[in-house]
Amino acid sequence: MNPEVTVLMSVYNDKKYLVESIESILTQSFENFEFLIIDDASNDGSSAILETYAEKDERIKLVKNKENKGLSYNLAEGVNMAQAPWIARMDADDIAFTDRLALQMDYIKNNPNTDVVGSYVIDIDEDGNEIELRKVPTSHEKISKLIWTCPFIHPSVLFKKEAVKRAGSYDKNLRRRQDYDLWFRCQEANLKFQNLDRALLYYRSTDEYYKKNNLKVQFQQAAMGFHGIRRVKASPLAYIGITVAFLKGILPSKIRKPMNRLLKRVDPRRA
């Protein structure tokens, strides 16, 4: 088997949405891929689901951690284990459109200098109800200019393995915001960016997202952002934007949600 794409997923206690997420990959119109799934010592029944699917579909390569390692560690290991030259990220609670991989692979075959290609997504709630179409910058120039805003939606991206490894890959020591850190380093390594101007993924937003993004995570993200914008010599607007994002992030979740809706109107990624 010589897969063109490795779909990389890390799973930790994602039983509720796991079947729907896995099925959305296994039913892709583009079929030449391996599905690398790392079970991060789940204890909610996710492991049994993963084992069943691994027995049924030979494209699935299941790796089971004896202890919980965290998403960043698993992604870094996954990049090293991937057999394909291209890696597609996928989260265990999201749903990929059937033609996601086909459209992204078509794009990179027609634009071989591209290193990272993401897309728009449709945000959905816990029950799968559509919330909105979320747009992001599409051109390399706009993405680079707004790298401090994290202008990629992480589970939508397909990236060239060797290019990302050259940029340092994922930092195993980070517990959160591993993608934000990675995009700064990719820009420093002069990687070529693109987002497709169409949705290729249903991105699930739940209350758990706000619980995970606690005060410690907000401080980490702000520090990462300020360090990153100094390295890439971002505009003064970046300093204001990161400060506003931090202040919003430390608000109680009940206030943060309506504040998010308000700030969307001035989010430079959606302009």
Side-chain angles (χ1 to χ4, degrees), residues 5 7-30 35 37 46 71-72 74-75 78 87-104 107 116-138 143 146-147 149-159 170 176-183 193-213 217 221 245 248-249 253 256-265 267-271:
V5 178
V7 179
L8 176 58
M9 175 190 285
S10 176
V11 176
Y12 177 64
N13 290 349
D14 292 299
K15 179 182 178 181
K16 185 175 182 180
Y17 305 113
L18 187 56
V19 168
E20 195 171 17
S21 182
I22 291 174
E23 287 286 349
S24 76
I25 295 299
L26 296 181
T27 56
Q28 288 288 301
S29 58
F30 180 93
F35 195 177
I37 307 176
S46 294
L71 179 59
S72 295
N74 293 333
L75 295 183
I87 297 176
R89 276 285 292 115
M90 183 65 187
D91 282 342
D93 58 352
D94 296 330
I95 305 167
F97 286 22
T98 304
D99 57 355
R100 174 206 167 166
L101 293 180
L103 290 172
Q104 288 183 310
Y107 181 85
V116 183
V117 56
S119 74
Y120 295 172
V121 302
I122 295 177
D123 288 323
I124 58 175
D125 63 18
E126 294 184 4
D127 300 317
N129 299 309
E130 293 186 15
I131 301 172
E132 67 171 344
L133 171 67
R134 181 153 39 121
K135 297 182 178 182
V136 282
T138 54
I143 293 169
L146 294 174
I147 202 70
T149 68
C150 200
F152 287 109
I153 300 169
H154 195 194
S156 81
V157 300
L158 173 80
F159 58 78
Y170 293 97
R176 301 282 293 169
R177 298 294 188 264
Q178 59 282 329
D179 56 325
Y180 191 38
D181 168 72
L182 178 61
W183 307 142
F193 304 137
Q194 183 72 32
N195 276 313
L196 301 186
D197 59 354
R198 60 185 297 170
L200 296 181
L201 186 87
Y202 289 107
Y203 184 97
R204 198 178 303 273
S205 298
T206 67
D207 288 338
E208 188 65 23
Y209 171 84
Y210 291 97
K211 292 177 183 177
K212 289 179 179 178
N213 289 300
V217 172
Q221 178 175 333
K248 177 203 70 176
S253 60
R256 204 186 317 167
K257 287 182 179 180
M259 184 63 71
N260 271 340
R261 290 193 289 269
L262 179 64
L263 289 176
K264 283 178 182 177
R265 301 176 184 176
D267 189 336
R269 291 170 294 185
R270 299 171 183 248

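All residue numbers in this chain count up from 1 along the given sequence. No experiment lies behind these values; they were computed from the predicted model shown.
- Rounding to the nearest 0.5 angstrom, the gap separating the CD1 atom in Ile143 from the CH2 atom in Trp183 is 10.0 Å.
- Interatomic distance, CD1 of Ile37 versus CD1 of Ile25, reported as 9.0 Å (0.5 Å rounding).
- Contact annotation: the side chain of Leu196 never approaches that of Tyr120 to less than 4.5 Å [non-hydrogen atoms, C-beta and beyond].
- Counting only heavy atoms from C-beta outward, the side chains of Phe30 and Arg100 never approach each other to under 4.5 Å.
- Using a 30° and 60° split on the angle between ring planes, His154 and Tyr170 fall in the tilted class, from 30° to 60°.
- Annotation for Leu200 and Gln104: closest pair CD1-CG, 3.7 Å, computed over non-hydrogen atoms.
- Side chains of Ile95 and Ile124 form a contact here, defined as non-hydrogen atoms less than 4.5 Å apart.
- Ring geometry for Tyr202 against Phe97 counts as tilted: the plane angle lies between 30° and 60°, on a 0 to 90° scale.
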Working note: Leu75 + Leu182, criterion side-chain contact (heavy atoms from CB on, under 4.5 Å); need CA distance, chi angles, decisive distance, verdict. CA-CA 11 Å; Leu75 295 183; Leu182 178 61; over 6 Å; no
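- Arg198 approaches Ser119 most closely through the heavy-atom pair O-CB, 3.4 Å.
- Judged by distance alone, with hydrogens and angles left aside, the side-chain atoms of Asp125 form a donor-acceptor pair with the main-chain N or O of Asp127 at under 3.5 Å.
- The backbone N or O of Glu126 lies less than 3.5 Å from a partner atom in the side chain of Arg204, making a donor-acceptor pair.
- Residues Gly118 and Phe152 come closest through the heavy atom pair N-CE2, 4.1 Å.
- Considering every non-hydrogen atom in both Ala96 and Gln28, the closest pair reads CB-NE2, 3.7 Å.
- Atoms CG and OG, from Leu201 and Ser21 in turn, are 8.5 Å apart once rounded to the nearest 0.5 Å.
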Determine, stepwise, if the pair Asn74 / Tyr12 fulfils side-chain contact (heavy atoms from CB on, under 4.5 Å). CA-CA 11 Å; Asn74 293 333; Tyr12 177 64; over 6 Å; no
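- Expressed to the nearest 0.5 Å, how far CZ of Phe159 lies from CD1 of Ile87 amounts to 4.5 Å.
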Between Gln194 and Thr138, does the side-chain contact (heavy atoms from CB on, under 4.5 Å) criterion hold? Intermediate values first, please. CA-CA 6 Å; Gln194 183 72 32; Thr138 54; 4.2 Å; yes
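- With hydrogens and angles ignored, the 3.5 Å screen pairs a side-chain donor or acceptor of Asn195 with a backbone N or O of Pro151.
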